[in-house]
Undergrad: 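Questions regarding the structure given below will be posed in turn.
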Amino acid sequence: MANLEVKDLTFSYKKSRHTVFRDFNLTLQPGHIYGLLGANGTGKSTLLYLMAGLLTPQKGLAAYDGADIRLRKPSTMQDIFIVPDEFELPNVSLSHYIRLNRKFYPRFSEADMQTYLAVFGMTADVQLGQLSLGQRKKIFMSFAMATHTRVLLMDEPTNGLDIVSKGQFRQFITQGRSAESIFVVSTHQVKDIETVLDHILLLDEGRIIADTDAESIRHEGRIDLEQFYKDTLKRKEEEDEKT
C-alpha cells in the first residue's frame, strides 16, 4: 500500500517574502482519516495544494507511491482528488459533467454517485451554474467520493452544509474509507468532523507540532480537539522560550 510523503519541502509564494514551509517533512499512511488542524495562515490549504500537485515547491517534493505528484502523471493523478474550500463549477448539467470527468478515474462508480446524490436529496439533472454554495459542496463531495481515489484531500468540506448534511458527510467519509485510502480533512469547524478522525495533525507556523492518533486524546467518548490544540500550543510556547 502506498504512502503520501512530503520530503524536505520548502515553499513560498512568489509575491511574498514569507516562507510557508522550510525543510518540511510529513508521511501519511493508508487506512487513516487525518484531521489537519491549525489557525488561519498556518499553511493548511497550501499543504493540501502541494500534496495535490497544484503548487510547485522551491525545494523538495510531495510524492505518492514514490512518484513526484507535481509531475501530474495520469497514473498518479487518477489516485488523488482535492475538494477545495472555494471552487467554481462549469455551467453544464451534472450528468454532462460526470460524462466528461469520470474517464479520469478508473474506479469511478455511477451507482455510488447516485446513492450519494439521493442521500443529499439531489439528482443528476441539475445545472451546476445555478447551484448555491451548499448545493455545490454536496455535488462535488458526491463526485469526489464516487471516484474512489486512494487519496482524498478536503479543505473545509462542511462549509455551506446544514446540520443534516454535515451528518451525511460524516457517514460518507466513514463508509468510503478503506485499508488503502488516505483521507485528509482540513477544517476550522472541528466539531463537525472530530468523530470520524482517527489521526490528528496540528500545524503551526509551517511546522507539525502534533502528530498523534485520535484515540490518545479521546476523553469520555469524544475528542476534545479544541483543548488539545490549546494545550499543544502552550507546550510549544514553553519549549520555544527554553531554547
Side-chain angles (χ1 to χ4, degrees), residues 2-29 32-72 76 80-87 151-159 182-190 192-194 197-214 216-217 223-243:
N3 290 344
L4 177 61
E5 300 175 284
V6 180
K7 303 178 180 179
D8 300 320
L9 186 144
T10 296
F11 176 81
S12 60
Y13 290 98
K14 291 183 178 180
K15 296 183 179 181
S16 173
R17 296 180 180 179
H18 171 65
T19 299
V20 183
F21 297 106
R22 187 183 301 277
D23 298 324
F24 183 86
N25 290 276
L26 179 66
T27 298
L28 304 181
Q29 299 177 333
H32 293 292
I33 303 176
Y34 291 89
L36 180 61
L37 311 178
N40 287 335
T42 56
K44 299 189 304 299
S45 297
T46 299
L47 181 57
L48 292 185
Y49 278 99
L50 286 162
M51 292 192 295
L54 297 174
L55 291 175
T56 303
Q58 283 77 40
K59 173 191 169 190
L61 77 160
Y64 178 68
D65 198 15
D68 186 348
I69 298 173
R70 183 56 183 155
L71 297 178
R72 298 186 64 80
T76 302
I80 299 175
F81 199 101
I82 183 170
V83 180
D85 181 17
E86 297 181 1
F87 56 87
V151 178
L152 179 56
L153 310 171
M154 295 160 278
D155 195 5
E156 302 290 350
T158 59
N159 272 0
I182 299 172
F183 290 175
V184 183
V185 184
S186 172
T187 184
H188 297 94
Q189 303 181 54
V190 294
D192 290 343
I193 52 93
E194 65 180 5
L197 304 178
D198 60 39
H199 204 96
I200 306 301
L201 301 169
L202 292 188
L203 188 62
D204 183 67
E205 297 180 348
R207 292 187 296 163
I208 295 293
I209 60 173
D211 183 348
T212 185
D213 67 282
S216 67
I217 58 174
I223 307 172
D224 192 344
L225 289 178
E226 292 182 358
Q227 189 61 48
F228 176 70
Y229 180 58
K230 292 176 182 177
D231 292 343
T232 303
L233 277 181
K234 183 178 180 180
R235 286 195 300 270
K236 173 183 173 291
E237 292 171 355
E238 292 174 349
E239 291 172 359
D240 289 345
E241 289 178 357
K242 293 178 182 179
T243 57

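Along the sequence shown, residues are numbered consecutively beginning with 1.
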Undergrad: With distance as the sole test, does S16 use its side chain to make a donor-acceptor pair with the main-chain N or O of Y13 at under 3.5 Å?
TA: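 Here the side-chain-to-backbone pair does not exist.
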Undergrad: For T10 and R22, which I'm curious about, is there any donor-acceptor pair between the side chains at under 3.5 Å?
TA: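 The answer is no; no qualifying pair exists.
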Undergrad: Heavy atoms only: give me the nearest F11-P57 pair and the separation to one decimal.
TA: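 Result for this residue pair: CD1-CA, 3.9 Å.
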Undergrad: Go through L9 and L50 one step at a time and tell me if the side-chain contact (heavy atoms from CB on, under 4.5 Å) criterion holds.
TA: CA-CA 10 Å; L9 186 144; L50 286 162; 3.7 Å; yes
Undergrad: What are the two closest non-hydrogen atoms of H18 and S12, and how far apart are they?
TA: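 Closest approach of H18 to S12: O-CB, 3.3 Å.
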Undergrad: Roughly how far, to the nearest 0.5 Å, is the CE atom of M51 from the CG atom of L4?
TA: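 So the CG of L4 and the CE of M51 are separated by 5.5 Å.
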Undergrad: Roughly how far apart are T19 OG1 and E205 CD, rounded to 0.5 Å?
TA: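 Reported to 0.5 Å precision, the distance equals 13.0 Å.
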Undergrad: Do L37 and L203 come within less than 4.5 Å of each other through their side chains, counting heavy atoms only?
TA: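 Sidechains of L203 and L37: no contact.
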Undergrad: Side-chain contact, heavy-atom cut-off 4.5 Å: L55 with T46?
TA: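 They are in side-chain contact.
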Undergrad: Any chance you could lay out the side chain to side chain donor-acceptor pair (under 3.5 Å) test for N159 and D85, step after step, and finish with the verdict?
TA: CA-CA 8 Å; N159 272 0; D85 181 17; 3.1 Å; yes
Undergrad: Report the C-alpha separation of L48 and L36 in whole Å, then their side-chain angles, then the decisive distance to 0.1 Å, and conclude whether the side-chain contact (heavy atoms from CB on, under 4.5 Å) test is met.
TA: CA-CA 9 Å; L48 292 185; L36 180 61; 4.2 Å; yes
Undergrad: Are any of the side-chain heavy atoms of I69 and I80 separated by less than 4.5 Å?
TA: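 Yes, side chains in contact.
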Undergrad: With side-chain contact (heavy atoms from CB on, under 4.5 Å) as the test, would you mind laying out the steps for I82 and L54 before giving the verdict?
TA: CA-CA 10 Å; I82 183 170; L54 297 174; 4.1 Å; yes
Undergrad: Determine whether T27 and V6 make a side-chain contact, defined as any pair of heavy atoms from C-beta on separated by less than 4.5 Å.
TA: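 A side-chain contact under 4.5 Å is absent here.
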Undergrad: Could you tell me whether the side chain of L61 reaches within less than 4.5 Å of the side chain of E5, counting heavy atoms only?
TA: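 Not in contact.
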Undergrad: With a 4.5 Å limit on heavy-atom distance, are the side chains of Y64 and N3 in contact?
TA: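 No - every pair of side-chain heavy atoms lies 4.5 Å or more apart.
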Undergrad: Rounded to the nearest 0.5 Å, how far apart are CG of L152 and CZ of F183?
TA: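 Going from CG on L152 over to CZ on F183, the span is 5.0 Å.
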Undergrad: Quick one: are D198 and Y34 in side-chain contact, heavy atoms under 4.5 Å?
TA: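 Not in contact.
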Undergrad: Quick one: does K44's side chain have a donor or acceptor within less than 3.5 Å of a partner on G38's backbone?
TA: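 Yes; at least one donor-acceptor contact below 3.5 Å.
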Undergrad: So, H32 and D213: side-chain donor and acceptor under 3.5 Å apart, yes or no?
TA: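 H32 vs D213: no donor-acceptor pair found between side chains.
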Undergrad: Which heavy atom in S216 sits nearest to a heavy atom in T212, and how many Å separate them?
TA: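 Looking at all heavy atoms of both residues, the closest pair is OG-OG1, 2.8 Å.
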Undergrad: Indicate the atoms forming the closest heavy-atom contact of A210 with T232, along with that distance.
TA: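 For A210 and T232, the tightest heavy-atom pair comes out as CB-CG2, 4.0 Å.
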Undergrad: State whether the number of non-hydrogen atoms from other residues, nucleotides or ligands found under 6.0 Å of Q58 atom CD is greater than 12.
TA: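 Yes, the 6.0 Å shell around CD holds more than 12 heavy atoms from other groups.
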Undergrad: Should L47 and F24 be marked as a side-chain contact (heavy atoms from CB on, under 4.5 Å) after you check the CA-CA gap, both sets of side-chain angles, and the distance that decides it?
TA: CA-CA 10 Å; L47 181 57; F24 183 86; 3.9 Å; yes
Undergrad: Say you draw a straight line from OG of S45 to CG of L153; how long is it, rounded to the nearest 0.5 Å?
TA: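 If I round to the nearest 0.5 Å, the distance is 11.0 Å.
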Undergrad: Rounded at 0.5 Å granularity, tell me how far CD1 in I209 sits from CG in D204.
TA: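 Output value for this atom pair is 4.5 Å.
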Undergrad: Between S186 and P157, which heavy-atom pair has the shortest distance, and what is it?
TA: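 Heavy atoms only, the tightest pair is O-CD, 3.8 Å.
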Undergrad: Determine whether D155 and F87 make a side-chain contact, defined as any pair of heavy atoms from C-beta on separated by less than 4.5 Å.
TA: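 They are not in contact (no side-chain heavy atoms under 4.5 Å apart), so the answer is no.
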Undergrad: Roughly how far apart are D211 CG and L26 CG, rounded to 0.5 Å?
TA: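 If I round to the nearest 0.5 Å, the distance is 6.5 Å.
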